[in-house]
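For reference, the structure discussed in these notes is given below.
Counting starts at 1 for both ligands and their atoms, following the listed order. For the single chain, residues carry numbers from 1 onward in sequence order.
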Amino acid sequence: MTRMLIVGPAGSGKGTQSKRISEDLGIVAISTGDIFRVNIKEQTELGREAQGYVDAGDLVPDSVTNRMVEDRLTWEDAKNGFLLDGYPRNRTQVAALDEMLSRLDVSLDVVLELTADREELIMRLKKRAEIEGREDDADEGAIRRRLEIFDSETAPMIAEYDARGLVRRVDGLGPMDEVNARIMEALKS
Ligand code: AMP
């Protein structure tokens, strides 16, 4: 059983790789971005609350996001391990996750960081905008904002997990299968 996070900037391949890891390890992948997008599409109350932030590339407020994850982690399918994709994104969310896990009496095994250089990320996001039609990929301002938030809030958060000895770093550049093989190797060690 594995409880893990996948972290990395927008366009680093988190979503794609987390689906593969989820199949390979038999654990549920929970993507906060996907949950927001579904709720926005269906115009639920949560979706209406999140929409402005998601479209602009800003973080949805921590209180909303933390509550949503806390609920999701109590579902039956998360009892045998999970992979959180896109959460936590800052240190406040790390503190909230620490509390949730301690209430559930479980702990994290590993934090997988996917890396990729800026030029590559921007190129991938533009390509994805054409294929998936995500508003936040099509808008240059939203792309810039997401990368800025990664640098100012998410990178220091990863440093915190690094200090706990949990981070395994994998180069996210290259074909999907190759990146997947690197990840599986990194998870073994
Ligand atoms: P993602 O699919 O992970 O790139 O997330 C898309 C968007 O959803 C982000 O730009 C944020 O607006 C929102 N979002 C996803 N995860 C979080 C989070 N942990 N905290 C706040 N906002 C989030």
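Residue Lys14 has no nitrogen or oxygen atom sitting less than 3.5 Å from a nitrogen or oxygen atom of ligand 1, judged on distance alone. Taking any N or O of Asp85, backbone or side chain, none lies under 3.5 Å from an N or O belonging to ligand 1. The shortest N or O to N or O distance between Thr32 and ligand 1 is below 3.5 Å. Looking at Arg37 next to ligand 1, an N or O pair under 3.5 Å apart turns up. Remark: ligand 1 and Pro88 share no N or O pair separated by less than 3.5 Å (distance only, no angle test). By the 3.5 Å distance cut-off applied to N or O atoms, Asp58 is counted among the residues near ligand 1. Here's the thing with Val60: one of its N/O atoms is less than 3.5 angstrom from an N/O atom of ligand 1.
Remark: side-chain polar atoms of Arg182 are paired, donor with acceptor, to backbone N or O of Asp171 under 3.5 angstrom. Put simply, the side chain of Gln43 gets close to the backbone of Ile40: a donor and an acceptor are under 3.5 Å apart. Judged by distance alone, with hydrogens and angles left aside, the side-chain atoms of Arg89 form no donor-acceptor pair with the main-chain N or O of Thr154 at under 3.5 Å.
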Starting from the C-alpha separation in whole Å, work towards a yes-or-no answer on side chain to side chain contact (heavy atoms under 4.5 Å, CB included) for Ile183 and Leu114.
CA-CA 9 Å; Ile183 290 175; Leu114 279 185; 4.1 Å; yes
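Side-chain N/O atoms of Thr2 and Asp109 include no donor and acceptor closer than 3.5 Å.
Contact between Met68 and ligand 1 is absent, with no heavy atom of the residue lying under 4.0 Å from the ligand. For Arg145, the closest heavy-atom approach to ligand 1 does not fall below 4.0 Å.
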